[in-house]
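Accompanying notes for the structure given below.
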Protein chains: 2
Amino acid sequence: MASIKDVAAAAGVSVATVSRVLNSHPSVSPDARARVLGAVDSLGYRPNAVARSLRTAQTRTLGLVISDVLNPYFTELARSVEEEARALGYSVIIGNADEQPDIQDHHVRTLVDRRIDGLLVSPTDGGSPLMLEAARAGTPMVFVDRWIPGVDVPVVRSDGRAAVRDLVAHLHALGHRRLAIIAGPAATTTGSERVEAFREALAAYGISLPDAYIGQGDFQADSGRRATERFLALSEPPEVVFAADNLMALGALDAIRAAGLRVPHDIGLAAFDDIPWFVHTDPPVTAIAQPTKELGRAAVRALIDRIEGRPPQSVTLPARLVVRRSCGETKSPAPAPADTPTATTSTRRNP
Amino acid sequence: MASIKDVAAAAGVSVATVSRVLNSHPSVSPDARARVLGAVDSLGYRPNAVARSLRTAQTRTLGLVISDVLNPYFTELARSVEEEARALGYSVIIGNADEQPDIQDHHVRTLVDRRIDGLLVSPTDGGSPLMLEAARAGTPMVFVDRWIPGVDVPVVRSDGRAAVRDLVAHLHALGHRRLAIIAGPAATTTGSERVEAFREALAAYGISLPDAYIGQGDFQADSGRRATERFLALSEPPEVVFAADNLMALGALDAIRAAGLRVPHDIGLAAFDDIPWFVHTDPPVTAIAQPTKELGRAAVRALIDRIEGRPPQSVTLPARLVVRRSCGETKSPAPAPADTPTATTSTRRNP
DNA sequence: CACCGTCATGGAATCGATTACACGGAGAAT
DNA sequence: ATTCTCCGTGTAATCGATTCCATGACGGTG
């Protein structure tokens, strides 16, 4: 592969001049520029990004470590991250942790070894020493969706509290009182927050959330299936199951079907994270939708702010309830979902 | 960030010795090794992969350019590619083309600029000059799923011909005779092949495939919706619609529902590419399943063979029919799907 | 005409690793 | 005792770019 030296030789100039032409430095004569450009495309020369990165100490690359690519929510997030990054002149390397802390660490390590300019993370756990170390060592970093409390890193996420209240209001209006939740791992913020938001919303109606109605899941379909089986085996099973992510809802649907029951007739189902398929399931699933695309864009912008020396901002965007048929038919219209979502931004790093 | 020089200074040896320790070169004294290792972890030293790549002219990184990350088929493919690559000591950089040739070119260009060791591509179109040039210039390359005829690059893909025959037999047994297909772009192999396989299978039953029954799609949900609307507007609409990928099937489902019709009562639906959600749609969708995971692994192995100088093999794995309820209830059992899938491999590059 | 500032250009250092080569010392072979 | 090997180690070149500094030409000004 042709190097800058070959171009210099072919154009009859020095490598310095070639470099100037390629980086559009002002002081190059039109004649030299023309000869260099000619040589460049007759040789099919492409600058070596590896060498350039070594010299300039920047790679114009962002790392994105997500918990599970197979989860459509994260896929969409990854896509919007890449899109925004590309628009701003950066590439993205995606690492899929598959909800496993050691794989997550593997990706963080290789990304840092490659000297990516910044790291976007949706942590699988409460924070491995490696990641905390990377943050402390000054790797520009931003958390998306999930975050680690007590670490000085900006967070871009969505607040589901209001939407969960809307959901509970909806369920209450339909006459449901025995409400259960399938939670995510307690070590993740989204795992614990969603349970808390649910518990608070229930309390407003004087409904309690007994331990038997809290299923312990891990954001994967299988765990949703097992938790649901356990609910169904109770002497007094819940009337509605709320899954803290879309894959566990899928598992719940499996379990309900396997038990020969029907949604919503025998039991209701709702999910956190809306996805296109929920429109087409039997029945369509009521879900809480995050502004995924905006989240991805905001995260990239925050990270690039941090990289380029501007003060990064934590961002919290509201989620909203999308009512469908999986919790029962509503006679009267459901409570209007918040339809004027307003972003709240703060300069505090950790909201 | 600490460099190899800092480690050398801290350990009281030369950089050469440090390098030898890190690359487990045999001739280093136990004493020196211990001092180096001590310095490495007291400094938290991590080798700079950029510098190493520049010197060794290899990045231990593979590029994967896929047509659409949001398509669950490609997501799964990407995941298995990354998994296998990681097991073999390589990283993967994913580029999402979103079915747009210019974005595809953008990714090919940046990946080549980064001097990735090899490229896995599922081309969006018939082959841009850039990609053909890269192949000819000797970038190790393997096509997955889709390929470009006439280019000397190994292909790892799945053959759906037999499964399509099974599907048509199934539909015929259910009494359906007016069968339509929503095709992908003719510029992609999977776009044209699936139509051809369908046409041939129909011919075996003396059924023809009129132009009005061929919808032109682009592998996106919207195009499936539009094609289906057009089918439904025909004076004699088809009895079954076969979508050439899962997203177009989703669009078809939308259009059918919007028209106030029911699947399979009013019209049947089948899809190429099986995904977990098809079990839960209303009704569950009959689909042709590719061995996606195996495809990804085989592609990585072929590419690494090529990179490491072994002769790479093209691989073709069979797809199989998964019968569900979206084409009508079967009284008698459907024809047995091929349940002993056998791989065919060849040393010819382009099958 | 002398001087100075500006501009185009090239030489060479540099980034952080790997590795060929040279060298000194210890132990084996004669 | 002398020579030969082999081993551990260091010096320095190298990969392909960017960029500081020096240089020479040229034009304008006093």
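Throughout, protein chains are lettered first and strands after them, A, B, ... in sequence-line order, and every chain is numbered starting at 1. None of these values were measured; they are calculated from a predicted model.
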Got a list of side-chain donor-acceptor pairs under 3.5 Å for residues 43-57 of chain B, not counting sequence neighbours?
residue	atom	partner	partner atom	Å
Arg46(B)	NH1	Asp113(A)	OD1	3.3
Arg46(B)	NH1	Asp113(A)	OD2	2.7
Asn48(B)	OD1	Val50(B)	N	2.8
Asn48(B)	OD1	Ala51(B)	N	3.2
Ser53(B)	OG	Ala49(B)	O	2.9
Ser53(B)	OG	Gln58(B)	O	3.3
Thr56(B)	OG1	Arg52(B)	O	2.8
Thr56(B)	OG1	Gln58(B)	N	3.4
Thr56(B)	OG1	Gln58(B)	O	3.4

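- Taking CD1 of Ile307(A) as the reference point, atom OH of Tyr90(A) lies at 5.0 Å (rounded to 0.5 Å).
- The side chain to side chain contact (heavy atoms under 4.5 Å, CB included) search around Leu130(A) returns Asp105(A), Val108(A), Arg109(A), Ser128(A), not counting sequence neighbours.
- Contact detail for Pro123(A) and Ile148(A): the closest heavy-atom pair is CG-CG1, 3.6 Å.
- Note on residues 293-303 of chain B: pairs passing side-chain hydrogen bond (donor to acceptor under 3.5 Å, both in side chains), not counting sequence neighbours, are Glu84(B)-Arg301(B).
- Rounded to whole angstrom, the span from the NE2 atom of His25(A) across to the C1' atom of dA8(C) amounts to 9 Å.
- Look at Ser14(A) and you'll find a side-chain N or O under 4.0 angstrom from OP1 or OP2 of dG10(C).
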Please write out the pairs of protein N or O atoms and N or O atoms of nucleotides 22-26 of chain C separated by less than 3.5 Å, giving the distance to one decimal.
none

How would you summarise protein contacts on nucleotides 16-23 of chain D per nucleotide, using B for base, S for sugar-phosphate only and - for none, with heavy-atom distances below 4.0 Å?
BBBBB---

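- With respect to Tyr73(A), the side chain to side chain donor-acceptor pair (under 3.5 Å) criterion is satisfied by exactly one of Asp68(A), Thr292(A), Asp145(A): Asp145(A).
- Look at Glu133(A) and Arg136(A) and you find a salt bridge, because one of the NZ, NE, NH1 or NH2 atoms lies within 4.0 Å of a carboxylate O, short of that distance.
- Here the P atom of nucleotide dG8(D) and the CZ atom of Arg35(B) are 14 Å apart, to the nearest Å.
- dA17(C) atom C1' lies 16 Å from atom CZ of Arg60(B), rounded to whole Å.
- Counting any heavy atom pair closer than 4.0 Å across all strands shown, Ala32(A) reaches sugar-phosphate atoms only and no base atom.
- Residues that satisfy the side-chain hydrogen bond (donor to acceptor under 3.5 Å, both in side chains) test with Glu76(B), not counting sequence neighbours, are absent from this structure.
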